[in-house]
Protein chains: 2
Amino acid sequence: METRLLESFVALARAGSFTAAARALHLAQSTVTVQIRTLEKELGTPLFDRLPSGTVPTAAGLRLLEEAEAVLDAVARLRATASSWHGDTASGTVAGQVTIGAADSLCASRLPSVIAALRRAHPGLEVHLNAVGTAAAVDGLRGGRLDLALVLEPEVVESDLLAHRIAELPLTYVAAPDHPLAGRTADWEELARESFFVHEEGCSYSDRLVRALRGVPGTRPGITRFGSIDAARSCVAAGLGLTLLPQVTVEGQLAGGRLAVVHGPEAPPVPVQLVRHRRRWVSPGARAVTEELTAAFADTSL
Amino acid sequence: METRLLESFVALARAGSFTAAARALHLAQSTVTVQIRTLEKELGTPLFDRLPSGTVPTAAGLRLLEEAEAVLDAVARLRATASSWHGDTASGTVAGQVTIGAADSLCASRLPSVIAALRRAHPGLEVHLNAVGTAAAVDGLRGGRLDLALVLEPEVVESDLLAHRIAELPLTYVAAPDHPLAGRTADWEELARESFFVHEEGCSYSDRLVRALRGVPGTRPGITRFGSIDAARSCVAAGLGLTLLPQVTVEGQLAGGRLAVVHGPEAPPVPVQLVRHRRRWVSPGARAVTEELTAAFADTSL
DNA sequence: GGGCTCCATCGGGGATCGCGATAGCGTGGG
DNA sequence: CCCACGCTATCGCGATCCCCGATGGAGCCC
């Protein structure tokens, strides 16, 4: 079924004559004649009575006219959705859905302002944000559930994924303000006598910290691992111990006096990698998100 | 927009590979490839990611898939309506709408059983019945508001209409059972002294009766004309006078003793003409109605 | 690395599309 | 009465499109 035929159908019904319909459609009259006959043959019923006084729909044509318009409406919706997804070049905005995954700590700190900026720039864009660990991010990108992922890893060595380092976040040791080490400088031996509240295994800088602490001879550091950054931060704020986090995730608490810096041994900054699937199509929406993320991270922290 | 492309689209989304979709569609694999690329070009956005592990829809493809299915649904409805209108050759039934006009007197007497028979034979057929005089019937057929009309006229001399005489209805003079002439034989002179309740001008047999009564010298018959046959019949039943009607329209009242026959001068039977437009398409539904009407009138009254 | 599966591309034969020209038909004016 | 006009149907033609089979390249498994 060729929707062109349906457009000629409704045009003819509206115009009342083949000649007028052809003019409206910018076609030759003979073309409209053939199109309507084709449609009548395809549907198996005459659609118009060709009377000397004009061309009027038959009873069947009148009924089918509504259904033909419904088809054309559905096609118009399809086209509209497609073109909105593709982007409106006039306004420079894009629409559609983009699903991104990000490390828990970024979701709560840096991403809200990025998403707000995206909403302003692209009102039609629907951004879905999931808090995911590195493993879940890789899975989601592989399975198509994620368009983009932000992971805090030095390397992503998946051949079907493409990682781009967009920032490096400085890490900070933090403790409650009334903690004995708060505001002080501590070496590995001092730290190894404290309790630490860190991420689950798989978090690169937490793992490296745990390895370093356990490598200090003659000590048994207390290690508690949390899936949620919030829970760990709460324990630290309650004075139960220390943690090591990207500085941006605790800037609010540091400024508010609810946490304090501990100047520990040098910790290499953690790279922020923006990862996508190597072979999947990058929608204009995903491209817009990529640009916004790159800009947001670049201007403060590389 | 060619809906074939949309069918390949959903088939590919379902099948998960070009090869499998081509098998399901009974097409060559290269054809599906070209069709999908054509659709992607037409919509301006990639619909599938061709991954080594299979062909999966992009985010845009997933969203557009629903809309494509909506289009195909609308097309299926269009086709279903068209074919139901055309008729189901397996069951021999037809569907659709047929609008017929008929003289008031027939609507109340003969047509209900015909319509009931049509409903039994063609459950999908929607019959609209309008009570119309001859002038309105001609107008309605001309304007396309009526598919068929039953008129009680000896001749229909409209070049663009086609009339077919399907019956001749005997006429009967009737009066109230307690009327002096009830059951008796009366000649023109006796009748011309009575009051008559007949149809509006334009009803052939009423007009002829009025002319005959007025032609009787030395009398002034009382003539009252009604648009509605019911009103006239009520007046007669109340004993106010006589009327002349097709016998079938008063058979119930005659059998119930509410009206009585008066044996008046011979009145030529009134022809029932089934009229349609000469050049308009006769739908299968209208053809079924024509056959039913012809049969119903033929077996009792010609 | 060889075989296998899958998708993209290419060339060709056939069908289709849209066009202009023309014929048939009905109408209205001179 | 005849002719001119407007409308639709038909025809022939050039261009395009469609679908096919064959072929090539890429990735995967053994």
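Just so it is clear: chains get the letters A, B, ... in the order the sequence lines come, proteins before strands, and each one is counted from 1.
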**Whole-Å distance separating the CZ atom of Arg37(A) from the P atom of dC17(C)** = 12 Å
**Item:** Asp147(B) side chain to Thr99(B) backbone, donor-acceptor under 3.5 Å
**Value:** yes
**Message:** Please check: side-chain N/O of Asp49(B) versus main-chain N/O of Trp281(A), any donor-acceptor pairing under 3.5 Å?
**Reply:** yes
**Complete:** Against the side chain of Ser17(B), the closest entry in dG26(C), dC6(C), dA9(D) is dC6(C)
**Prompt:** Which one, dC7(C), dA9(D), dC28(D), comes nearest to the side chain of Thr33(B)?
**Reply:** dC7(C)
**Asked** Between dA9(D) and Arg50(A), is there an OP1 or OP2 to side-chain N/O distance shorter than 4.0 Å?
**Response** yes
**Item:** Side chain of Arg279(A) - closest among dG27(D), dG26(C), dC7(C)
**Value:** dG27(D)
**Asked** Quick one: is dA9(D) close enough that its OP1 or OP2 comes under 4.0 Å of any side-chain N or O from Gln29(A)?
**Response** no
**Complete:** Comparing nearest nucleotides in DNA chain C, the 5'-proximal residue of the pair His26(A), Pro52(A) is His26(A)
**Prompt:** Rounded to the Å, how far apart are Phe18(B) CZ and dC19(D) P?
**Reply:** 15 Å
**Message:** Within the 4.0 Å heavy-atom criterion, would you say Thr55(A) contacts the bases, only the backbone, or no part of the nucleic acid?
**Reply:** sugar-phosphate
**Item:** Crowding at NE2, His128(B) (>12 non-hydrogen neighbours, <6.0 Å)
**Value:** yes
**Prompt:** Just checking Thr19(B): base, sugar-phosphate only, or nothing, at a heavy-atom cut-off of under 4.0 Å?
**Reply:** sugar-phosphate
**Asked** Between Glu2(B) and Ser30(A), who's closer to the 5' end of DNA chain D by nearest nucleotide?
**Response** Ser30(A)
**Message:** Can you measure Asp49(B) atom CG to dA8(C) atom P for me and round it to whole angstrom units?
**Reply:** 11 Å
**Fill in**
Testing dG18(C), dA8(C), dC18(D) for proximity to the side chain of Leu27(A), the answer is dG18(C)
**Message:** Under a 4.0 Å threshold between the charged nitrogen and the carboxylate oxygen, would Glu42(B) count as salt-bridged to Arg79(A)?
**Reply:** yes
**Message:** Using the side-chain heavy atoms of Thr31(B), tell me which of these nucleotides is nearest: dA9(D), dC19(D), dG27(D).
**Reply:** dC19(D)
